[in-house]
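Here's the structure we're looking at; comments come further down.
Values below: all heavy atoms of this structure, side chains included; hydrogens, waters and symmetry mates excluded. Residue numbering restarts at 1 for every chain, and letters A, B, ... go by the order of the sequence lines.
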Amino acid sequence: MERIAVIDFETNGLSPGSSCRATEIAVILVENGKMVDRYQSLMNAGVWIPSDIERLTGISNRMLKSAPPASEVMQEAARFVGNTPLLAHNASFDKKFWDYELGLLGQRRTQDFACSMLLARRLLPQAPNHKLGTLNRYLGLPDTGRAHRALADTEMAANLALYLASHLQQHYGLAEVTHGLLCKLQKQPAAKVKVWLQGLSV
DNA sequence: TGCCAGGCCCTCTTTAGGGCCTT
């Protein structure tokens, strides 16, 4: 698979805004079937983490106090990603935080997001559910550490993306799985995905 | 004070409702 940037945000809520911001980001660059580089940092956006989210992520208000400013971290993350195509699990979530945080820097995203959740729903409809952790266990992928921390979740999403790319190559004889193909695939109606893929492999 | 997301997808659908998934 061509070079892609897999990302994951931890946040203090579900929808970005003045009181809801990213608290941690991780990015893993994947190229030729391998993870080749990574970036991870907590970030302090001056927001409060409610206790239920602190329990979920393990990221505390005390940890954020000593974390670098969000603007600094996002500058670094944006530079690290550059124009590399993006992928995340349930990308609609990470996309809105990526766009919001970049917008505060006066920057705009130029590349598309592929979504490992939409892809897994199409390629692995038999899975118990399509949560990241469930898919990881269901497929026997490596344990990456504490779930709901950005780097561990990004590694899970990267392993899942590599599995899905390999699945496409093995089951449909695709010579190369590109980010563009993944973006088209995730938009296909689930009921028609097999026929669509079989058409590609001819 | 009280409010508290949103895109995707299925179905007992399309003049809608509700579950999934992310924190």
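Minimum atom distance to the side chain of A:Asp8 is reached by B:dT23, of the listed B:dT23, B:dC8, B:dC10. When distances run from any side-chain atom of A:Asn90 to the nucleotides B:dC21, B:dA5, B:dC10, the shortest one goes to B:dC21. The nucleotide whose nearest atom lies closest to any side-chain atom of A:Lys131 is, among B:dT22, B:dC8, B:dT23, B:dT22. Closest to the A:Ser92 side chain, of the nucleotides B:dG6, B:dT23, B:dT22, is B:dG6.
A:Met117 places its CE atom 11 Å from the C1' atom of B:dG19, with the value rounded to the nearest Å. One interatomic measurement links the two molecules: CG of A:Leu56 to P of B:dT22, which rounds to 10 Å at whole-angstrom precision. Between the C1' atom of B:dG6 and the CG atom of A:Asp94 lies a distance of 14 Å, rounded to the nearest Å. Rounded to a whole Å, the NZ atom of A:Lys95 is 7 Å from the P atom of B:dC8. Rounded to a whole Å, the CG atom of A:Leu118 is 10 Å from the C1' atom of B:dC21.
If you check every strand for non-hydrogen atoms under 4.0 Å, A:Phe97 touches nothing. Using a 4.0 Å heavy-atom criterion, one finds that A:Ala190 contacts the sugar-phosphate atoms exclusively. Residue contacts for A:Asp52: at a heavy-atom cut-off of 4.0 Å it reaches no nucleic acid atom on any strand shown.
Ring geometry, A:His167 versus A:His171: the interplanar angle falls under 30°, so the pair is classed parallel (tilted spans 30 to 60°).
Looking only at side-chain heavy atoms (C-beta outward), A:Leu135 and A:Tyr163 stay at 4.5 Å or farther from each other. Between A:Tyr39 and A:Val73 the shortest side-chain heavy-atom distance falls below 4.5 Å.
Spacing of C1' atoms, B:dT23 relative to B:dG7, comes out at 16 Å, to the nearest Å. Separation of the C1' atoms belonging to B:dC12 and B:dA16 is 11 Å when rounded to the nearest angstrom.
A:Thr110 and A:Asn83 share a donor-acceptor pair across their side chains, judged by distance under 3.5 Å alone.
Distances shown here put every side-chain N or O of A:His130 at or beyond 4.0 Å from the OP1 or OP2 atom of B:dC20. OP1 or OP2 of B:dC21 has not a single side-chain nitrogen or oxygen of A:His89 nearer than 4.0 Å.
Mapping A:Arg121 and A:Glu10 onto DNA chain B by nearest heavy atom places A:Arg121 at the nucleotide closer to the 5' end.
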